[in-house]
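Accompanying notes for the structure given below.
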There are 2 protein chains.
Amino acid sequence: MSKDSLPGLTLCNNAALRRAARKLGKFYDDVVEPSGLKATQQGLLYQIHIGDEPAMGAIATSLIMDLSALGHTLKPLIRDGYVETFADPDDRRVKRVRLTPQGLVKLDEAMKLWHIAQQRFEDVAGKDKAERLRAALDEIAALDFDLPPATP
Amino acid sequence: MSKDSLPGLTLCNNAALRRAARKLGKFYDDVVEPSGLKATQQGLLYQIHIGDEPAMGAIATSLIMDLSALGHTLKPLIRDGYVETFADPDDRRVKRVRLTPQGLVKLDEAMKLWHIAQQRFEDVAGKDKAERLRAALDEIAALDFDLPPATP
DNA sequence: TTGAATTAGTGGCATATGCCACTAATTGTG
DNA sequence: CACAATTAGTGGCATATGCCACTAATTCAA
């Protein structure tokens, strides 16, 4: 047996979440790697794909990520020709995003690999457990931590 | 109501995990911010603190993070004088890590804030739910995704 | 209509993480 | 003992994310 300090038992919710994210992230990354995409990129392409030429702000909101972070993350995908953007004709502040034809092909390729990772995860962790986990994570994502402003 | 595309329902375990991590990370970061540390840094200082002058490799293993990533993450903390390293006298390949006196003070300060975040999270999410969540996350962190090498 | 306030993105800077190639120190072995 | 194999870190490069200041486009109000 290895000397893994403590058997697990992380007390901090945030630390436990990040730790698990590193672990699972590496697993999905490894499986999706043959496509040349990181799991995050595959996820982002997918998000763009299921949206109707979504605006950047809409994507950022869905993914609960900073708008500028989304912009940065998009860059390599644009550089590699998988994604393109265009100004919304009705509101030129808004920039919409869509997959290029190559992006669609690449997404298909990556999704096949993603299915493998997803399937294997559910085999190892258990399908119900995975489902409950996702539900719990979605709940967290939906929580409102704001202190009630003393109801004026 | 806002136009939040789908009500949640993330299908990818990894994507759901990252999304929740962004959300919770921002919350902990915001609460811990007055200390000048990010929640990840507070967590790292804590990990170092509870260890007995842990070697970098040991910390990386505990946190399930890449050794080089740990090295990078440590740099700002060393630069700011919260952490120092020294070669293990018995094996000079090994670099051990410990808090400086200022690091200890800073950790105390950050832990007070962390408690607030932790408490508030558990108030909002529910104590049992939080506990079950951490357990589930620790389980994920402990999973073994390797395909059995055909037992030679 | 015009100027203030708001909204959507960008670019720069900083941390978080991972991979790879490379170096130093140890260990194992003939 | 000398050399191959292994182990622990480092440094460079790339993506992931967030904050802030700033610009452009819109909306709102006097």
Side-chain angles (χ1 to χ4, degrees), chain A residues 2 14-15 17-30 32-33 36-45 47 54-61 63-80 82 85-97, chain B residues 2 14-15 17-30 32-33 36-45 47 54-61 63-80 82 85-97:
Chain A
S2 56
N14 185 45
L17 197 45
R18 296 189 76 92
R19 205 168 86 111
R22 282 189 295 267
K23 169 90 174 200
L24 201 58
K26 175 160 173 49
F27 171 63
Y28 275 76
D29 272 353
D30 287 346
V32 172
E33 191 275 335
L37 296 178
K38 316 293 283 314
T40 42
Q41 298 180 316
Q42 168 268 314
L44 182 50
L45 290 189
Q47 194 69 31
M56 291 190 52
I59 299 173
T61 299
L63 299 182
I64 311 184
M65 68 170 359
D66 187 88
L67 177 57
S68 76
L70 173 62
H72 299 320
T73 304
L74 233 30
K75 273 180 192 162
L77 295 172
I78 293 173
R79 177 199 61 201
D80 296 340
Y82 299 141
T85 60
F86 59 101
D88 183 317
D90 295 333
D91 184 340
R92 284 175 309 171
R93 285 173 306 182
V94 173
K95 189 191 274 190
R96 293 187 174 280
V97 186
Chain B
S2 56
N14 186 45
L17 197 46
R18 297 189 76 92
R19 203 169 87 110
R22 283 190 293 269
K23 170 88 175 202
L24 201 58
K26 176 160 172 49
F27 171 62
Y28 275 77
D29 272 353
D30 286 348
V32 173
E33 192 272 337
L37 296 177
K38 315 293 282 313
T40 42
Q41 299 180 314
Q42 168 268 312
L44 182 50
L45 290 189
Q47 194 67 31
M56 289 190 53
I59 299 173
T61 300
L63 299 182
I64 311 182
M65 66 168 7
D66 187 89
L67 178 57
S68 76
L70 173 62
H72 299 320
T73 304
L74 232 30
K75 273 181 191 161
L77 295 172
I78 294 172
R79 178 199 60 201
D80 296 341
Y82 300 141
T85 60
F86 59 101
D88 182 319
D90 295 333
D91 185 340
R92 282 175 309 171
R93 283 174 306 183
V94 173
K95 189 190 273 190
R96 293 187 174 281
V97 186

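We name chains A, B, ... by the order of the sequence lines, and we start the count at 1 in each one.
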Margin query: Closest approach to the side chain of A/R93, judged atom by atom: which nucleotide of C/dT7, D/dA8, C/dG9 is it?
Written below: C/dT7
Check: Rounded to whole angstrom units, what separation is found between the CG atom of B/D91 and the P atom of D/dA8?
Finding: 8 Å
Margin query: So, taking the atom named OG1 in A/T61 and the one named CE in A/M56, what distance separates them when rounded to the nearest 0.5 Å?
Written below: 11.0 Å
Next item on the list: Rounded to the nearest 0.5 Å, what's the gap from CG on A/L67 to NE2 on A/H72? Could you check?
Entry: 9.5 Å
Margin query: Within the structure provided, determine whether B/I59 and B/V97 are in side-chain contact (heavy-atom separation under 4.5 Å).
Written below: yes
Notebook entry, point to check: Shortest non-hydrogen contact from B/V94 to B/A55?
Noted result: CG1-CB, 3.5 Å
Checklist line | Check: A/L63 and B/R22 side chains under 4.5 Å, non-hydrogen atoms | finding: yes
Next item on the list: Could you check if a side-chain atom of B/T40 sits within less than 4.5 angstrom of a side-chain atom of B/L44, using non-hydrogen atoms only?
Entry: no
Next item on the list: Measure the distance from CG on A/D90 to P on D/dT26 and round it to the nearest whole Å.
Entry: 10 Å
Notebook entry, point to check: For nucleotides 15-22 of chain C, read 5' to 3', which letter fits each nucleotide if B means a protein heavy atom sits under 4.0 Å from the base, S means only the sugar-phosphate is that close, and - means neither?
Noted result: SSBBBB--
Next item on the list: Please report, rounded to the nearest Å, how far the C1' atom of C/dT7 is from the CE atom of A/M56.
Entry: 14 Å
